[in-house]
Colleague: 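Below you will find the structure I want to go over with you.
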Amino acid sequence: MELETLFLLGVYLLPLAMVSTMAAWTDSRKPVLGLALLACSGGLLAWVWVQRPDGLYTLRDIPELTVALVARLMAHL
């Protein structure tokens with residue numbers, strides 16, 4: 001996978017991890033899924049940070065990277 005795709009996957013897993021953790025907290029359950037999503041997201045972002053010579057992408061790059069990813073996916077359909 002390309003680093004842009006891995007970065008976006010890591011960024012988009014963060015809100016899911018937060019929602020899952022909050023839902024487990026309000027239901028008095030252990031936030032296993034939320035913590036697993038957080039670990040995966042952190043691992044993906046750390047991988048991109050280590051592998052990309054310029055470090056992580058900025059928050060300003062997320063919309064452009066998302067549009068480019070959607071365009072690539074639609075081109076393969």
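As the structure is a computational prediction, the values presented were derived from the model and not from experiment.
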Colleague: What's the spacing between L8 CG and M1 CE if we round to 0.5 Å?
Modeller: 10.5 Å

Colleague: Hydrophobic clusters join Ile, Leu, Val, Met, Phe, Trp and Tyr when side-chain heavy atoms are under 4.5 Å apart, directly or via other members; which others share one with M22?
Modeller: W25

Colleague: Residues in salt bridge (charged side-chain N to carboxylate O under 4.0 Å, His left out) with E64, at least two apart?
Modeller: none

Colleague: Return the CZ to OG1 distance between R29 and T21, rounded to the nearest 0.5 Å.
Modeller: 10.0 Å

Colleague: What residues, two or more places apart in sequence or in another chain, satisfy side-chain hydrogen bond (donor to acceptor under 3.5 Å, both in side chains) together with T58?
Modeller: D61

Colleague: Find out if a path of hydrophobic residues (ILVMFWY) with successive side-chain heavy-atom gaps under 4.5 Å connects V67 to I62.
Modeller: no

Colleague: Under 4.5 Å between side-chain heavy atoms, chaining through other members, with only Ile, Leu, Val, Met, Phe, Trp and Tyr counted: pull out the rest of the cluster around V50, sorted by chain and number.
Modeller: none

Colleague: Test of understanding: clusters of I, L, V, M, F, W, Y form through side-chain heavy atoms closer than 4.5 Å, transitively. Do V11 and M18 belong to the same one?
Modeller: no

Colleague: State, yes or no, whether a side-chain contact exists between Y57 and L65 at a heavy-atom distance under 4.5 Å.
Modeller: yes

Colleague: Could you list the donor-acceptor pairs under 3.5 angstrom formed between side-chain atoms of residues 31-49 and any protein atom two or more places apart in sequence or on another chain?
Modeller:
{"unit_1": "S41", "atom_1": "OG", "unit_2": "G10", "atom_2": "O", "d": "2.5"}

Colleague: For a 4.5 angstrom cut-off between non-hydrogen side-chain atoms, does L69 reach L73?
Modeller: yes

Colleague: Please check: side-chain N/O of S20 versus main-chain N/O of A17, any donor-acceptor pairing under 3.5 Å?
Modeller: no

Colleague: When you compare the side chain of R72 with that of T5, does any pair of heavy atoms fall below 4.5 Å?
Modeller: yes

Colleague: Other members of the hydrophobic cluster containing V70, with the 4.5 Å side-chain heavy-atom rule, please.
Modeller: M74

Colleague: With hydrophobic residues grouped by side-chain heavy-atom distances under 4.5 Å, do L14 and F7 end up in a single group?
Modeller: yes

Colleague: Hey, could you give me the CD/CD distance between E2 and Q51, rounded to the nearest 0.5 Å?
Modeller: 14.0 Å

